[in-house]
Structure formats: structure tokens, C-alpha cells
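This report concerns only the one structure given below.
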Amino acid sequence: MYRRSFKDTRSSLGSPNPNFSKPMVALRFLRALSLVRRSGLGACSPSYRARGIRRAAYACMAASAGPRRAWSRALLRKIRRRPGRGLRRPRAVIWRHRPVGGGDRLEVALRRLVPGGGCMEYCRLLEEAADYVKCLAMQVRLMQTIVDSASHV
Amino acid sequence: MSGRGRRITDEEINELISKLQSMLPESRRRNAGRVSASKLLKETCSYIKSLHREVDGLSDRLAGLMDTMDSNSPQAEIVRGLLRS
């Protein structure tokens with residue numbers, strides 16, 4: 001049973017999520033951008049708008065990756081949490097399970113950077129980090145493409 | 001889900017480490033052999049941080065560009081074209 005679970009992990013490393021193709025991500029993000037513009041944010045200061053856009057970027061990235069990934073679930077939970085509610089939660093509760101084996105300084109740093117990385121096994125952390133890096137890089141390329149095409153006309 | 005209490009073999013960790021290594025841009029350029037796990041973690045952390053900074057920067061630029069975009073501008077046409085394709 002445990003062997004099979006690793007094989008599933010191995011196949012999930014290679015098989016693409018059907019929702020996560022580049023056109024789908026682009027479409028989702030462009031729709032989010034137009035929503036930002038149409039909502040009151042369009043009239044706000046650029047820095048406030050930038051925050052909304054950044055939030056939309058991470059939300060679209062996580063939504064496109066789907067619920068299979070721990071990082072995308074954690075990111076969506078964090079984004080959908082309303083400001084103010086998170087502040088009331090005591091810090092001790094956030095890390096429900098201590099990371100297995102303590103971990104060195106670098107491993108702790110990686111756990112902080114990958115969403116949801118606080119309480120997963122080391123093996124899982126590496127897998128999630130690889131997927132997170134891949135999706136982040138794709139999101140950056142997408143945003144760069146939009147900026148380039150919008151500013152060179 | 002990975003089973004709790006199961007001992008992870010070195011082979012499985014090595015496989016995941018090479019997978020992670022292939023995601024990083026530097027290792028792709030250098031076509032390096034195996035790097036140590038700690039070096040890989042360090043590179044991954046700094047790469048993720050730089051990607052976060054890029055998202056911040058691009059969000060700022062997009063926010064600035066929104067000022068110049070109105071419904072009749074050619075930029076909006078491009079964006080509409082992207083949406084249609």
C-alpha cells in the first residue's frame with residue numbers, strides 16, 4: 001500500500017494537470033485583471049492596485065494548479081482568509097505538527113517559502129517545491145508577456 | 001498521499017532531488033552533475049525569493065499600465081485578442 005502511494009507520487013510528478021495549461025492560466029489571469037480594473041480598485045492608487053494584481057496572480061496560479069497540490073490549497077486558504085481574521089489566530093496553532101526530524105536551517109527556510117510547507121514530510125516538501133517553482137516561473141513568464149504586449153504598442 | 005511511518009529510501013529522495021534540480025535555471029545552463037542537497041536547497045530558496053520579487057515588480061508595472069489602458073486603446077485590443085485565442 002505504501003509502495004503504491006509512492007508510485008502515484010511518481011506519476012503525478014510527470015503527468016500534467018489538465019487544468020494547468022498555459023492558455024487556461026492566461027485566460028484566468030486576464031479575466032482577473034479585467035475584474036480588478038472594473039472593480040473600485042481601478043480608481044485607487046497604483047500601489048493598492050498592484051497589491052490586488054499580485055493577489056490575483058497568486059490566486060489564479062493556485063486555482064489553475066488545482067486542489068491536488070498542498071501548496072495551491074494552502075495559498076488559496078491564505079488568500080481567501082479575510083484580513084483581520086488571521087491576526088486573531090495565535091502563532092502556536094499555525095504549526096499543528098512539527099516538521100519530522102527537526103530539519104536544518106535550509107530545510108526550515110524552504111518550508112517557510114513553499115506555501116503549506118510547514119508540516120509535511122521532507123520527501124513531500126521537495127516534490128511540492130519543484131511544482132511550486134515550475135508554476136511560479138510560468139506565472140512570471142505570463143505576466144512578462146502581458147506587460148510586453150501592453151507596453152510596446 | 002505518502003504513507004506516514006514508512007521509511008523513505010535514499011533512491012526516492014535522490015529522484016526528487018534531481019527533479020527539483022531540473023527546475024532550477026542555473027543547473028539547466030551548466031548541465032551540472034549531481035550537486036549536494038544543501039547547495040540545491042540554497043539555490044531553490046534564492047530562486048523562489050527572486051521569483052516572488054519578480055511577481056511583485058510585474059504587478060507594479062501592470063498596475064501602472066492599467067492607467068494607460070482604456071477601452072478603445074490598442075493595448076486593450078491586444079488583451080482582448082489574447083482572451084479570444
Side-chain angles (χ1 to χ4, degrees), chain A residues 1-3 5-6 8-10 13 23 26-27 30-31 33-34 36-37 41-42 45-58 61 104 106-107 109-110 112-114 120-127 129-134 136-137 139-140 143-147 149-151 153, chain B residues 1-9 12-13 15-25 37-71 73-85:
Chain A
M1 179 176 120
Y2 295 143
R3 265 290 150 203
S5 72
F6 180 69
D8 291 344
T9 302
R10 207 162 20 190
L13 283 178
L27 190 64
L30 286 168
R31 276 192 184 141
L33 280 182
S34 70
V36 167
R37 220 179 124 237
L41 275 168
S45 68
S47 60
Y48 198 73
R49 218 179 307 149
R51 255 196 287 164
I53 291 176
R54 196 180 71 209
R55 212 174 127 146
Y58 283 114
M61 191 176 101
D104 59 7
L106 283 171
E107 184 187 321
L110 186 62
R112 281 189 208 276
L113 284 170
V114 175
M120 52 175 69
E121 288 176 321
Y122 186 64
C123 211
R124 190 72 193 277
L125 174 69
L126 294 181
E127 189 199 333
D131 195 68
Y132 183 57
V133 159
K134 185 182 76 175
L136 253 184
Q139 181 69 30
V140 162
M143 290 171 85
Q144 187 67 60
T145 305
I146 295 177
V147 164
S149 59
S151 52
V153 174
Chain B
M1 295 284 164
S2 45
R4 296 229 167 155
R6 178 177 77 89
R7 193 175 290 263
I8 312 285
T9 67
E12 291 163 11
I13 292 226
E15 202 172 314
L16 289 168
I17 284 185
S18 349
K19 170 85 182 172
L20 186 54
Q21 192 181 342
S22 67
M23 292 292 156
L24 301 179
S38 60
K39 186 152 192 277
L40 179 72
L41 284 184
K42 206 169 168 183
E43 277 186 36
T44 307
C45 287
S46 57
Y47 187 46
I48 291 180
K49 279 188 224 166
S50 77
L51 285 172
H52 285 167
R53 280 197 298 269
E54 283 198 61
V55 171
D56 289 347
L58 287 166
S59 302
D60 287 333
R61 288 185 67 185
L62 275 172
L65 281 168
M66 262 193 194
D67 276 331
T68 63
M69 264 199 260
D70 58 35
S71 41
S73 74
Q75 291 98 325
E77 213 16 73
I78 288 178
V79 175
R80 274 195 282 266
L82 279 168
L83 269 169
R84 260 184 259 123
S85 63

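Each chain gets a letter, A, B and so on, in the order its sequence line appears, and its residues count up from 1. No experiment lies behind these values; they were computed from the predicted model shown.
- For chain A, the option among K49(B), E54(B), H52(B) with the highest count of heavy-atom pairs below 4.5 Å is H52(B).
- Heavy-atom pairs under 4.5 Å with chain B peak, among V133(A), L113(A), L110(A), L33(A), at L113(A).
- Taking R61(B) as the reference, nothing meets the salt bridge (charged side-chain N to carboxylate O under 4.0 Å, His left out) condition, with sequence neighbours excluded.
- The candidate from D56(B), T44(B), D60(B) with the greatest count of non-hydrogen atom pairs under 4.5 Å with chain A is D56(B).
- Checked against side-chain contact (heavy atoms from CB on, under 4.5 Å), K42(B) has the following partners two or more places apart in sequence or in another chain: L106(A).
- Contact of the Y58(A) side chain with the V55(B) side chain is registered, since non-hydrogen atoms from C-beta on lie closer than 4.5 Å.
- Comment: E15(B) does not engage K19(B) in a salt bridge, judged by the lack of any side-chain N to carboxylate O separation of less than 4.0 angstrom.
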